[in-house]
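Per chain, numbering begins at 1; letters A, B, ... match sequence-line order. These numbers come from a predicted model, not from an experiment.
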Amino acid sequence: MFDAIVIGSGMSGAIAAKELCERGLKTLVIERGRKIEHGVSYTDSLQPWELPNAGMVPEEEVARDYPVQSHCYAMTSANKAFWVKDSDHPYSTPADKPFDWIRGNHLGGRSLMWGRQSYRLSPMDFEANAKDGHGSDWPIRYDDLAPWYDHIERFIGVAGSKEGLAQLPDGEFLPPFALNDAEVLFKQAVESKFPGRNVIPGRVANLSKAQPHHEELGRVSCQVRSLCERGCSYGAYHSSLSSSLPAATRTGNLTIVTDAIVHSIVHDPKTGKVTGVRVIDANTKQGQLYEAKIIFSCASTIGTTQILLGSTSEAFPNGLANRSDMVGRNLMDHLYGLTVAGVLPKGPNTFYKGRRPTGLYIPRFRNVSEPGSFLRGYGYQGAASRMGWRSAALGKPGLGTDIKDRTRKLGPWMLYISGFGEMLPNPENRVTLHPTRTDKWGIPIVHIECAFGSNEQAMTKQIIADGKAMVEAAGGMVVNTSATPGTPGLGIHEMGTACMGKDPAKSVLNGFNQAHDIPNLFITDGSAMASSGCQNPSLTYMALSARAAHHATEFLRGGKI
Amino acid sequence: MNDLMALDRRSLIQQMLALAGAGAAVGFSPAALAKAAARAKPYLSPTHYALVTAVADTIIPRTDTPGAVDAGVPATFDALIANWASPDRRHQLSHALGEIDALAREKKGMGFAQLSATERLALLTPYDAEALQVVPSPAGGRGLSMMRGPTFANPGYGKLKELIVILYYISETALTHELTYDHTPGEWLPSVPVTPDTRPSGGAGLF
């Protein structure tokens with residue numbers, strides 16, 4: 001019997017485990033994927049010429065095993081082991097509503113390959129649902145989470161600049177990765193021509209300057225290689241393997257099982273509490289039951305949903321903690337891949353050194369300092385860089401000395417900005433269990449039905465229009481526009497399917513990420529999100545996880561659960 | 001320029017001279033090309049391997065710096081065909097190579113690999129310009145349109161050239177002699193002056 005079980009070892013689960021362990025709880029982390037190890041499982045030492053097949057996954061293998069995962073920008077032949085084989089982990093969607101579910105089943109989950117952009121939600125994000133009536137009103141406000149953002153930022157290490165913006169609160173930052181000269185030019189143009197808009201250094205969970213508490217865990221400063229998604233042997237970006245699991249391990253309170261696929265969570269109708277987790281060994285298919293006093297589900301948004309919907313009983317015929325019928329509903333991602341790129345013919349005659357692990361960020365301004373013809377808003381990530389060898393060599397016809405000469409020259413500055421738009425919670429965007437299909441472990445597969453609505457469509461147009469205007473304001477010639485959002489899911493910010501809320505009839509979790517229906521069940525992955533904001537969400541998942549672990553421990557110690 | 005950089009430039013020049021050898025000014029002869037590109041056990045047939053070698057040497061020849069053959073591109077291309085390409089892709093690339101060879105036989109009466117470097121360049125340059133005309137991309141498709149790249153009038157040739165160029169520019173040879181690559185820069189300097197010696201940085205990333 002453990003004090004706590006945490007399902008999932010990714011971004012949320014490993015932080016929950018660390019916080020529970022640090023509070024003295026004997027904690028078991030259950031991971032469905034295989035064990036991998038910090039350092040030895042990484043491929044960051046490979047030189048460009050050592051990449052298998054020049055970095056490309058074999059075409060037949062893509063078609064057979066990775067038809068969805070291969071849509072992720074970060075997947076290469078060097079790190080394909082960090083992505084699930086779609087062939088082994090099927091799910092279904094309606095034919096006309098594709099959804100790209102990007103996953104990594106291994107110890108540490110997607111914290112190994114995440115984009116590391118780390119932004120706080122703001123007071124207006126926590127008030128949005130109450131204000132416009134979409135989704136369930138968050139049971140917490142920004143001030144409830146602010147100290148936990150501080151706590152997480154200090155622990156993981158976030159490089160960023162303090163800007164004093166209401167819509168993007170500052171945090172406990174390490175020094176920022178400064179804007180390069182073309183980005184400074186862009187910043188000046190945007191901020192002077194569009195008062196209220198800001199161009200700031202991207203806030204990123206890479207150690208621009210490792211602090212003693214990072215070094216204690218074996219982490220050192222970022223070497224500016226931009227090889228992050230292969231795993232970083234320096235531990236310079238936060239992941240479960242570099243950071244949160246080592247912190248949990250040193251307490252002596254952590255146990256980890258891998259290759260353990262959760263079948264269901266066991267509920268005792270007499271006490272009204274959950275008592276344990278049934279797992280299936282991924283290799284032997286043997287069943288096993290683990291028991292604990294409290295359970296945290298951090299299996300990822302869709303993973304947690306699958307577990308809850310599959311954990312049925314007389315007390316919960318529609319799935320665990322689902323008396324509200326909201327489990328699986330309100331699936332959100334961000335509008336993603338809406339990009340405007342332009343050349344800056346009059347860019348500064350300077351260069352930069354290093355491959356920075358971030359770029360620039362433009363915080364939300366629509367429905368903040370400028371009106372929008374839609375609800376909510378969007379921010380942009382982007383960067384300016386000297387056009388690289390690919391475009392120089394392949395951008396136009398030419399052979400021989402022509403190619404060599406032009407590729408040897410420093411290219412012009414290319415600026416791109418890519419919008420991330422808030423998607424409204426919509427109960428019809430929904431994860432359910434497939435009525436007949438099961439995976440090879442006998443677990444019903446999920447059926448995902450998700451599409452952008454009219455608000456997202458209106459937002460999409462404005463993202464592109466504003467993007468063009470800003471690139472042009474800096475003297476940019478727009479050369480490429482991607483005006484259609486990536487398939488839902490491809491933002492890899494799926495969330496919302498076990499939403500927090502004040503009303504137990506309309507939400508799954510209360511203000512402590514505690515299930516309304518079950519006092520000792522906590523859910524702190526993306527499924528808890530009542531709205532999505534437009535900010536990259538992992539920082540919020542981690543802050544919610546730490547906060548919930550704190551309260552869960554207090555409840556346990558106080559005899560309340 | 002500091003002393004270290006001067007030393008580096010000198011050593012580069014020496015390496016180039018050593019590489020260039022006799023006859024570099026007029027490029028590889030067909031026999032020298034075959035010898036330079038030799039691979040123990042090619043996947044491709046000898047005819048196709050010779051053709052790939054000649055095409056790679058025409059796209060990126062040895063000049064005052066090493067070319068595609070010096071960088072081992074025929075062998076790495078052969079490995080891609082064996083280990084990466086699908087049957088459809090193999091067919092597409094083989095067809096693209098065949099078209100170039102057919103053009104040589106039509107215009108010059110002999111295979112492309114049998115031509116001199118000058119003849120190869122003269123033949124392939126207009127072909128390249130026409131084949132790489134950008135045509136409208138088909139609508140639809142999943143994923144991100146920007147990652148899919150442009151659509152060329154002759155997509156088979158476009159892919160062939162792209163692979164050869166990528167294999168060259170991610171080679172250790174090109175990252176030493178053409179571009180720069182530092183696996184572990186160690187620091188971010190957001191503003192560095194450009195000098196006549198500044199070269200673009202390479203690597204496998206998208207940007």
Side-chain angles (χ1 to χ4, degrees), chain A residues 47-49 51-60 63 71 73 76 98 100 177-181 208 222-226 337 339 341 349-356 383 385-386 388-390 392-394 396-401 403-404 407-411 414 480 482 484 486-487 490, chain B residues 58-61 63 65 67 76 79-80 83-89 121 124-125 128-133 142-147 161-163 165-172 175 178-179 181-194 198-207:
Chain A
Q47 303 285 334
W49 54 90
L51 293 170
N53 296 314
M56 301 183 294
V57 180
E59 293 183 305
E60 285 180 288
H71 294 160
Y73 70 95
T76 68
D100 283 349
F177 288 94
L179 300 179
N180 64 38
D181 289 342
S208 53
C222 178
Q223 299 299 303
V224 199
R225 303 180 303 163
S226 207
T339 304
N349 185 32
T350 56
F351 199 22
Y352 40 80
K353 183 196 170 196
R355 294 180 298 277
R356 184 182 38 159
S385 55
R386 290 290 196 154
W389 57 270
R390 280 175 205 262
L394 294 166
K396 54 182 180 181
L399 300 174
T401 50
I403 287 190
K404 288 176 93 170
T407 307
R408 259 176 96 88
K409 287 190 187 124
L410 205 54
M414 170 72 87
N480 203 337
S482 290
T484 308
T487 308
L490 207 50
Chain B
T58 314
I59 293 173
I60 309 210
T63 54
T65 59
T76 49
L80 269 195
N83 302 321
W84 166 77
S86 65
D88 283 352
R89 179 72 67 196
L121 183 65
L124 202 58
T125 298
D128 174 86
E130 196 180 328
L132 298 183
Q133 293 294 313
R142 282 171 71 174
L144 294 177
S145 60
M146 219 169 247
M147 279 173 71
K161 182 179 179 186
E162 180 193 334
L163 292 175
V165 165
I166 287 174
L167 289 172
Y168 176 70
Y169 279 106
I170 66 168
S171 72
E172 188 172 10
L175 288 172
E178 293 289 334
L179 308 173
Y181 181 71
D182 185 351
H183 197 67
T184 308
E187 61 180 345
W188 166 245
L189 298 178
S191 179
V192 173
V194 172
T198 302
R199 281 182 286 157
S201 48
L206 201 56
F207 297 103

Given the options A:Arg355, A:Lys396, A:Glu60, which has more heavy-atom pairs under 4.5 Å with chain B than any of the others? A:Arg355

Please report the closest heavy-atom contact between B:Pro185 and A:Val224, naming both atoms and the distance. CG-O, 3.2 Å

Test item: A:Lys404 and B:Thr63 side chains (from C-beta on) under 4.5 Å apart, heavy atoms: yes

Go through the structure and list residues passing ring-ring contact (aromatic ring centres under 6.0 Å, His included) with B:Trp188, not counting sequence neighbours. A:Tyr352

Taking all heavy atoms of A:Pro48 and all of B:Ile170, pick out the closest pair and write down the distance. O-CD1, 3.6 Å

I need the minimum non-hydrogen distance between B:Ala129 and A:Pro397, along with the two atoms involved. CA-CB, 3.7 Å

Taking C-beta and beyond as the side chain, do A:Met56 and B:Leu80 meet within less than 4.5 Å on heavy atoms? yes

Using every non-hydrogen atom in the two residues, find where A:Leu410 and B:Thr198 come nearest and quote the distance to one decimal. CD2-CG2, 3.9 Å

Under a 4.5 Å cut-off applied to non-hydrogen side-chain atoms, are A:Leu399 and B:Lys161 in contact? yes

Which atoms of A:Ser226 are under 4.5 Å from chain B, going by heavy atoms: the side chain, the backbone, both sets, or neither? neither

Given a strict heavy-atom distance threshold of 4.5 Å, which part of B:Leu167 is in contact with chain A: side chain, backbone, both, or neither? side chain

With a 4.5 angstrom heavy-atom cut-off, could you sort out which part of B:Ala79 is near chain A: side chain, backbone, both or neither? backbone

I want to check something: taking the side chain as every heavy atom from C-beta on, are B:Ser201 and A:Phe351 in contact at a cut-off of under 4.5 Å? yes

So which atom in A:Gln47 and which in B:Tyr181 form the shortest heavy-atom distance, rounded to 0.1 Å? OE1-CE2, 3.5 Å

Between A:Lys353 and B:Val192, which heavy-atom pair has the shortest distance, and what is it? N-CG2, 3.8 Å

With a 4.5 Å cut-off on heavy-atom pairs, point out which of A:Ala392, A:Gly400, A:Ala54 contacts chain B the most. A:Gly400

Who wins among A:Gly398, A:Ser208, A:Pro52, A:Ala393 for the most heavy-atom pairs under 4.5 Å with chain B? A:Gly398

Examine whether an atom of A:Ile403 lies under 4.5 Å from a heavy atom of chain B, and if so say whether it belongs to the side chain, the backbone or both; otherwise answer neither. both

Between A:Thr407, A:Thr76, A:Leu51, A:Val57, who has the most heavy-atom pairs with chain B when the cutoff is under 4.5 Å? A:Thr407

Examine whether an atom of B:Leu124 lies under 4.5 Å from a heavy atom of chain A, and if so say whether it belongs to the side chain, the backbone or both; otherwise answer neither. both

